[in-house]
2 protein chains.
Amino acid sequence: MEYVIGDDLLQQQGLKRTKLRMALLDCFLNTKHALSYPDIKQMLGEGVDRSTLYRNLAAFEEADIIHRIYDQSGVAKYAFGKVHDHGRDHAHFVCEQCETVYCMEKATTVDINVPKGFKTKTIQTIIRGICSDC
Amino acid sequence: MEYVIGDDLLQQQGLKRTKLRMALLDCFLNTKHALSYPDIKQMLGEGVDRSTLYRNLAAFEEADIIHRIYDQSGVAKYAFGKVHDHGRDHAHFVCEQCETVYCMEKATTVDINVPKGFKTKTIQTIIRGICSDC
DNA sequence: ATTTTAAATGCGACTGAGTTGCGTTTGTGA
DNA sequence: TCACAAACGCAACTCAGTCGCATTTAAAAT
Ligand SMILES: [Mn+2]
Ligand SMILES: [Mn+2]
Ligand SMILES: [Zn+2]
Ligand SMILES: [Zn+2]
């Protein structure tokens, strides 16, 4: 039962178990792709407060329950799992048709050589294409 | 003289040679890194109109005089040159210290294998690290 | 040089994302 | 059950970017 794992996740991060947080957690646990603020709002209903939702997204991110993704659409998206879980700089796939964003757990990026004097720390990759649902 | 090349660029794209456009072109010709709206505004002075500036950025992009870059900071940045000039999906380097964004003309060889059913079209890479000035 | 006209500008209003301060409510542990 | 920090709800705000519309202007035609 998801309920239990959600409960655990909050508890072990020292986050209070509030109604919104449980619902928010459910959103992520029941979705395989990344969610934007509007996506989440739609799932949770109009009632949710914007500030509170954003603050919780920040809290979840801080606690490594979710990670934030910028798909160059201008709006941030969030997906379940700490970044490190899927590999340090795992790639993200953006479907050109449906705009859905997926975490590419095992896709690998290799061989970047930057000019002299530049030091690479992390590499973020965004793959655009057509997803398996389209 | 930059003036001439700028003049040419506008002319050959069917864009009228206005004061703002010449100044804007100068910004890009005299800078080796990507510029955000605030960056440009600062260079051009407070007088420039927001809408007009954005419209011209869009026009320049359309005309392949500049290309737009999303560095996951939330604000778009622009750099001289059509995308194709530096290679279809050339990488961008974001300095973690000074936040400067550079086009990495020759940097990438990327090898991505996506799950079954996903079809890759383009790959955008953002490298974070420390630039040669920092 | 003057007229013409479409393109470009300037301004104001607007949307949407995200943030912050503050007073009230609520989860949790003592 | 009580106390208190954490979380919430709300309003106000910033910042990026867009749009409609009336005015101006670059450039081509006369
Ligand atoms: Mn991911
Ligand atoms: Mn570039
Ligand atoms: Zn799709
Ligand atoms: Zn730097």
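Both backbone and side-chain heavy atoms feed into the values below; hydrogens, waters and symmetry mates do not.
Residue side chain B:Arg55 does not reach the base of D:dG17 through any donor-acceptor N/O pair under 3.5 Å, judged by distance alone.
When distances are taken from the side chain of B:Arg21 to each of C:dT28, C:dA17, C:dT9, the shortest belongs to C:dT9. In the set D:dT25, D:dT18, C:dT19, the nucleotide with an atom closest to the side chain of A:Ser51 is C:dT19. Side-chain proximity of A:Lys16 to the nucleotides C:dT26, C:dG18, D:dG17 is greatest for C:dT26.
Atom P of nucleotide D:dC13 and atom CZ of A:Arg50 are separated by 14 Å, given to the nearest angstrom. Rounded to an integer number of Å, the gap from A:Asn56 CG to C:dG27 C1' is 14 Å. One interatomic measurement links the two molecules: CG of A:Leu20 to C1' of C:dT25, which rounds to 14 Å at whole-angstrom precision. Rounded to whole Å, the distance from CD1 on A:Ile40 to P on C:dA17 is 12 Å. One interatomic measurement links the two molecules: NZ of B:Lys19 to C1' of D:dA26, which rounds to 14 Å at whole-angstrom precision. Spacing between atom CD of B:Gln13 and atom C1' of D:dA26 amounts to 18 Å, rounded to whole angstrom units. The nearest whole Å value for the distance from the OH atom in B:Tyr54 to the P atom in D:dG20 is 18 Å. Rounding to whole angstrom units, CD of residue B:Gln11 and C1' of D:dA26 are separated by 10 Å.
In this model, the phosphate group of D:dA6 is not approached by any side-chain N or O of A:Thr18 to a distance below 4.0 Å at OP1 or OP2. In this structure, B:Thr52 does not reach the C:dA8 phosphate: none of its side-chain N or O atoms is under 4.0 Å from OP1 or OP2.
For A:Arg21 (side chain) and A:Lys16 (main-chain N/O), a donor-acceptor pair under 3.5 Å exists by modelled atom type.
We find the CZ-CZ distance between B:Phe28 and B:Phe60 to be 7.5 Å, quoted to the nearest 0.5 Å.
With respect to B:Cys98, the side chain to side chain contact (heavy atoms under 4.5 Å, CB included) criterion is satisfied by exactly one of B:Val101, B:Val94, B:Thr100: B:Thr100.
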